[in-house]
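Comments concern the structure below.
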Amino acid sequence: MRIIFAGTPEPAVPSLQRFIDSPRHEVVAVLTRPDAVAGRGRKVTRSPVGRLADEHDIPVLTPRRPTEPEFIEQLTALAPDCCPVVAYGALLPQQVLDIPRFGWINLHFSLLPAWRGAAPVQAAIDAGDEITGASTFQIEAGLDTGPIFGVVTEKIAVTDTAGVLLERLAVSGAHLLETTLDGVEDGTLQAVPQPTDGVSYAPKVAVEAGRIRWDMPALAISRQIRAVTPAPGAFTEIGGARVKLGPVEMVEEVLPPRTIEVRKSGVFVGTATTAVRLNQVQPQGKRMMAALDWARGARLQPGAVVE
């Protein structure tokens, strides 16, 4: 099968690698978002998917918008049979969807129709879901509304961050996406409409979503932090300075909400229920460090609070 793979971030890389390695599929091109400024050095950087394509001498298409006539001409000339998609990052017009004979098949990191949208893994952790997964579906005009080909499930561990969980789903989802295309090509797999109940949405996570809500219960705070780790990252303010936090540990002791206590056994912060122990802390302009090391250097005053 001639395919054009569409994807951009790191979680799309395992799927592209499977298609590159597959004897059944020929990756004739890769579609990814344009090179962008990233990192502390603010250098123009190729997407992870684009870099993998470059390593294998696969042509890379980077239109600013998939509605550009030049891109549509390129796509038509390449004549793909199918276009698998993993987190490409742009909506595709109907004219583009109609080009491959098997259409565009998307790998989405949730059990649809739950958590349609840009951040399903983050939403599942924040909501306290115990089970999540990945789904393959036929892309249509709606947002993640197309009929489903297959799913894989994954248990969410109590220590999972969004980054760790997404790494697992990227691998199991890559296998699901490859077998989906195999079944579509063989005619042994048919998509079924999504259920009409159980629909939920997971919009893109804004930076402000990482601001810790200390007036919430400890369990909700733990989920919130894990949901935004590693990006955009959880943060709070102490003495007017913003501090990033890694995942926390819930303890049985009760402290007044927002109050910080530094002891030999750790750094603790009060919530609406029990306290939490801080593990990793990143002051502005510095790297992540142990919370106790940070607290010694910060010289917190008695009665200090987080904002």
Side-chain angles (χ1 to χ4, degrees), residues 110 114-115 117-132 154-166 198-284 286 288-307:
S110 81
W115 305 126
V121 173
Q122 293 91 329
I125 291 176
D126 194 45
D129 293 355
E130 296 182 355
I131 300 291
T132 188
E154 182 76 32
K155 181 177 174 59
I156 301 178
V158 294
T159 56
D160 274 340
T161 63
V164 169
L165 179 56
L166 192 52
V199 176
S200 52
Y201 294 93
K204 183 178 179 180
V205 179
V207 172
E208 191 61 24
R211 183 183 294 276
I212 301 172
R213 307 184 300 270
W214 294 107
D215 58 340
M216 299 289 286
L219 180 58
I221 289 171
S222 175
R223 290 170 177 167
Q224 178 196 6
I225 294 173
R226 290 188 294 113
V228 297
T229 301
F235 68 91
T236 190
E237 291 186 8
I238 303 172
R242 178 174 292 198
V243 177
K244 272 194 169 185
L245 301 181
V248 297
E249 178 186 350
M250 292 180 288
V251 298
E252 295 183 359
E253 184 177 354
V254 175
L255 292 174
R258 302 182 184 276
T259 299
I260 306 176
E261 284 198 7
V262 182
R263 308 170 189 162
K264 290 183 179 180
S265 57
V267 181
F268 302 85
V269 181
T271 76
T273 53
T274 57
V276 297
R277 187 201 317 266
L278 307 187
N279 291 317
Q280 296 289 311
V281 174
Q282 183 179 13
Q284 284 184 313
K286 298 184 179 180
M288 275 284 185
M289 63 181 70
L292 265 176
D293 292 340
W294 161 78
R296 293 189 187 102
R299 298 183 180 181
L300 301 177
Q301 298 297 316
V305 297
V306 294
E307 299 297 334

For this session: Evaluate whether atom CD of Glu252 has more than 12 neighbouring non-hydrogen atoms of other residues, nucleotides or ligands under 6.0 angstrom away.
Result: no
For this session: Go through the steps to decide whether Leu245 and Val281 satisfy the test side-chain contact (heavy atoms from CB on, under 4.5 Å), and finish with yes or no.
Result: CA-CA 5 Å; Leu245 301 181; Val281 174; 3.7 Å; yes
Exercise. So, Arg263 side chain and Phe268 main chain: donor-acceptor pair closer than 3.5 Å or not?
Worked result: no
Exercise. Would you say the side-chain atoms of Gln224 pair up with the backbone N or O of Arg211, donor to acceptor, closer than 3.5 Å?
Worked result: yes
How far apart are the closest heavy atoms of [X] and [Y], and which atoms are they?
X: Ala275; Y: Ala218; answer: O-CB, 4.5 Å
X: Ala119; Y: Pro203; answer: CB-O, 3.4 Å
X: Ala209; Y: Val228; answer: O-CG1, 4.1 Å
X: Ala227; Y: Ala162; answer: O-CB, 3.3 Å
X: Ser200; Y: Trp115; answer: OG-N, 2.8 Å

Heavy-atom side-chain contact between [X] and [Y] under 4.5 Å:
X: Val205; Y: Pro232; value: yes
X: Met288; Y: Trp294; value: no
X: Leu255; Y: Val269; value: no
X: Pro247; Y: Thr161; value: yes
X: Ile125; Y: Gln122; value: no
X: Ile131; Y: Lys155; value: yes

Problem set entry | side-chain contact (heavy atoms from CB on, under 4.5 Å) evaluation trace for Ile212 with Ile221 | CA-CA 7 Å; Ile212 301 172; Ile221 289 171; 3.7 Å; yes
Seminar exercise, completed: So the side chain to side chain donor-acceptor pair (under 3.5 Å) pairs with at least one residue in residues 226-240 (sequence neighbours excluded) are Trp214-Thr236
Exercise. What's the spacing between Arg277 CZ and Glu249 CD if we round to 0.5 Å?
Worked result: 4.5 Å
Problem set entry | Reported CE-to-CZ distance for the pair Met289 and Arg296, which is rounded to 0.5 angstrom | 12.0 Å
Exercise. Quick one: which of Asp160, Val121, Leu165 gives a side-chain contact (heavy atoms from CB on, under 4.5 Å) with Thr132?
Worked result: Leu165
Seminar exercise, completed: Between Leu278 and the options Val306, Ile260, Val243, Val248, the side-chain contact (heavy atoms from CB on, under 4.5 Å) test singles out Val248
For this session: Would you sort out whether Val276 and Met250 count as a side-chain contact (heavy atoms from CB on, under 4.5 Å), showing the intermediate values?
Result: CA-CA 4 Å; Val276 297; Met250 292 180 288; 4.3 Å; yes
